[in-house]
Amino acid sequence: MSKIPVLADEDEPRAIDTHAHQPTSEFLHDAGGEMMQDAAERFGTDLHTWDYDEMVEEYHEHGIGKAVLLGWDAETNTGNPPVPNEYVAEVRDDYPDFFVGFGSVDPLKDDCVEEARRCVEDLGLSGFKFQQIAQGFDPSDEAHAELFSTIEDLGVPVVFHGGNSTLGACSPGGRGLKIKYGNPMLIDDVAAEHPDLQILIAHPAFPWEREQLAICQQKGNVYMDLSGWLPKYIDEQVLHYAATVLKDKVMFGTDYPMIRPETWLSSFEEHTNFSEEIQRKLLWENAEAFLGL
Ligand SMILES: [Zn+2]
């Protein structure tokens, strides 16, 4: 398979992956540590690395023209070093037409509000990624309200993790990670209190997909993506909503390098039956609107 038909019709690679991590040691080994080895086993991948030339070429081959590259800072909760925001900005600068850089701040660090400002004002990053399970925090806790108000004022979107996590999966105690922080109902509070904050809940939020659909329906500022799951495993109701009530709100994402573009797109082609109009919305139009491209 090279390109799915709706992408082959375009002159330029057009799809946008809203959820990509680094295929390098910075993410897979340093920030990921043992919990990432557990995740790789669940995904049936290993933790070998490759460079950004290869990554961009792979995406272009499959008709994908942009990817949101995510930072990572769960240092307080995991003890692992972050994928630094400077690093995300540097990679973005090396491939400015391809990568949209999202920073990460650790909400448990005292300087997180300052760091959020620096990410946007000095590094020119385009948004933020939170992984509440790895970062060990409840986004609805008032302790984090100042951080979200600051990001709301900065006028950039955020990605929250949604649902269970493969990080630490099958290890004793899940390596201490608590999946309750992945419940999207906690994000409903954030969305209600910060109506100008644009929020993307990453992944079908298993086992809380219905809560996630309800939030996306009720909150004008909440969206979701289909990353982290091959379409053949995604809940039928999620796919139904993606083609109907939420057709302007659901986006394509992989969770690179755990899921590669070819694998996701061939499962999409084989297991869904969306019209071309819906495919265009899902694969790039909704992301263009959300990211302001
Ligand atoms: Zn991810």
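Every number for a ligand or one of its atoms is a count from 1 in the order of the listing.
- A donor-acceptor contact shorter than 3.5 Å is absent between the side chain of Ser227 and the backbone of Asp255.
- Closest N/O/S atom of Asp255 to the Zn ion (ligand 1): OD1.
- Look at His19 and the Zn ion (ligand 1): an N/O/S atom of the residue is under 2.8 Å from the metal.
- Restricting His21 to its N/O/S atoms, the shortest distance to the Zn ion (ligand 1) is reached by NE2.
- Checked against the 6.0 Å centroid criterion, the rings of Phe268 and Phe252 do not qualify as a close aromatic pair.
- Judged by distance alone, the side chain of Asn164 and the main-chain N or O of Phe206 form no donor-acceptor pair under 3.5 Å.
- Of the possible donor and acceptor atoms, one in the side chain of Lys66 sits under 3.5 Å from a partner among the backbone N and O of Asp97.
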